[in-house]
Amino acid sequence: MTTITLVQGDITRQSVDAIVNAANSSLLGGGGVDGAIHRRGGPAILEDCQKLRDSRYGKGLPTGQAVATTAGELDADWVIHTVGPVWSSADDRSAQLASCYREALRVADELGARTVAFPAISSGVYGWPMEDAARIAVETVRDTPTAVEEVRFVLFDEAAYGAFARQVG
Ligand code: AR6
């Protein structure tokens, strides 16, 4: 049974087995959550990401997939990087966003992670409307069989927290 918990705050301050990063397909850093994770986690994360680019993910990590690295100096064992879709009003990319949560949980299960912190993937730079991002996140976690005991959504501001709280009920 997976428990969903909500926290308002900074995902890089969480103590969990795995922290999920809202990355981009380059895996080589960016702004938002990605920038914060690399800043606080230190260079070991980027070194692992570069190794992934030099091996399995020469063309980058495709949207909707997930891959783990060290968590460096973060208070976690792993960072699970996933690439959300960019929001589009013309094109329904919900399945790709749901895939991020499903694939991150699959990687967490492979690692044996029992507590996993997620940001609201795609809801920042990638422009996904927060209410819908929250709906997809919560529905997908509820529908995904996993040995993860706690999924902790870490929401940066009150609006994001409210959107997730409405979904969790
Ligand atoms: N802790 C928790 N949530 C945060 C934090 C934090 N430290 N910082 C931002 N958020 P974003 P995306 C919230 O932009 O939309 C990067 O440049 C933020 O308010 O981090 O998936 C990557 O390299 C928002 O609600 O991710 C990609 O290029 C949510 O986290 C691109 O941004 C996600 O915002 C990915 O865009």
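Whatever order the structure lists them in is the order used to number ligands and atoms, beginning at 1.
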Next item on the list: Answer yes when Arg142 and Glu139 have at least one side-chain N-carboxylate O distance shorter than 4.0 Å, and no when they do not.
Entry: no
Check: Could an N or O of ligand 1 be found under 3.5 Å from any N or O of Thr12, whether backbone or side chain?
Finding: no
Exercise answer: donor-acceptor pairs, residues 145-154 side-chain atoms, under 3.5 Å, sequence neighbours excluded:
from, atom 1, to, atom 2, distance (Å)
Thr146, OG1, Asp109, OD1, 3.0
Thr146, OG1, Asp109, OD2, 3.1
Thr146, OG1, Val148, N, 2.9
Glu150, OE1, Arg152, NH2, 3.3
Glu150, OE2, Thr5, OG1, 2.5
Glu150, OE2, Arg152, NE, 2.9
Arg152, NH1, Gln14, OE1, 2.9

Notebook entry, point to check: Quick one: CD1 on Ile80 to CD1 on Ile19, what's the gap to the nearest 0.5 Å?
Noted result: 10.0 Å
Next item on the list: Specify the protein heavy atom at minimum distance from atom 21 (O) of ligand 1: its residue, its atom name, and the distance to 0.1 Å.
Entry: Ser122 N, 2.8 Å
Next item on the list: List for me each residue that meets ring pair (Phe, Tyr, Trp, His ring centres under 6.0 Å) alongside Trp128, sequence neighbours excluded, and say none if there are none.
Entry: Trp87
Notebook entry, point to check: If you round to the nearest 0.5 Å, how far is OG1 of Thr82 from CG of Asn21?
Noted result: 9.0 Å
Check: Among protein heavy atoms, which sits nearest to atom 14 (O) of ligand 1, and what does the distance come to when rounded to 0.1 Å?
Finding: Val125 N, 2.8 Å
Next item on the list: State plainly whether the residues Lys51 and Asp54 are in salt-bridge range, i.e. N to O under 4.0 Å.
Entry: no
Check: Looking at ligand 1, does Gly9 have a heavy atom less than 4.0 Å from it?
Finding: yes
Note to self: Does the residue Ala160 have a heavy-atom contact with ligand 1, meaning some pair of atoms that are separated by less than 4.0 Å?
What the structure shows: no
Notebook entry, point to check: Got the closest protein heavy atom to atom 1 (N) of ligand 1, with its distance?
Noted result: Ile11 N, 2.9 Å
Check: At what distance is the nearest protein heavy atom to atom 13 (C) of ligand 1, and which residue and atom is it?
Finding: Phe156 CB, 3.9 Å
Check: Is the backbone of Thr140 close enough, under 3.5 Å, to the side chain of Thr144 for a donor and an acceptor to pair up by distance?
Finding: yes
Margin query: Quick check: Gly31 and ligand 1, any N/O pair under 3.5 Å apart?
Written below: yes
Notebook entry, point to check: Of the protein's non-hydrogen atoms, which lies at the shortest distance from atom 33 (C) of ligand 1, and what is that distance?
Noted result: Ala120 O, 3.3 Å
Next item on the list: Could you tell me whether Gly124 and ligand 1 have an N or O pair separated by under 3.5 Å?
Entry: yes
Note to self: Starting from atom 26 (O) of ligand 1, what is the nearest protein heavy atom, named by residue and atom, and what distance separates them?
What the structure shows: Ala22 CB, 3.7 Å
Margin query: What I want to know is whether Ile121 and ligand 1 share at least one N or O pair that is separated by under 3.5 angstrom.
Written below: no
Notebook entry, point to check: In terms of residue, atom name and distance, what is the protein heavy atom nearest to atom 25 (O) of ligand 1?
Noted result: Ser123 OG, 2.7 Å
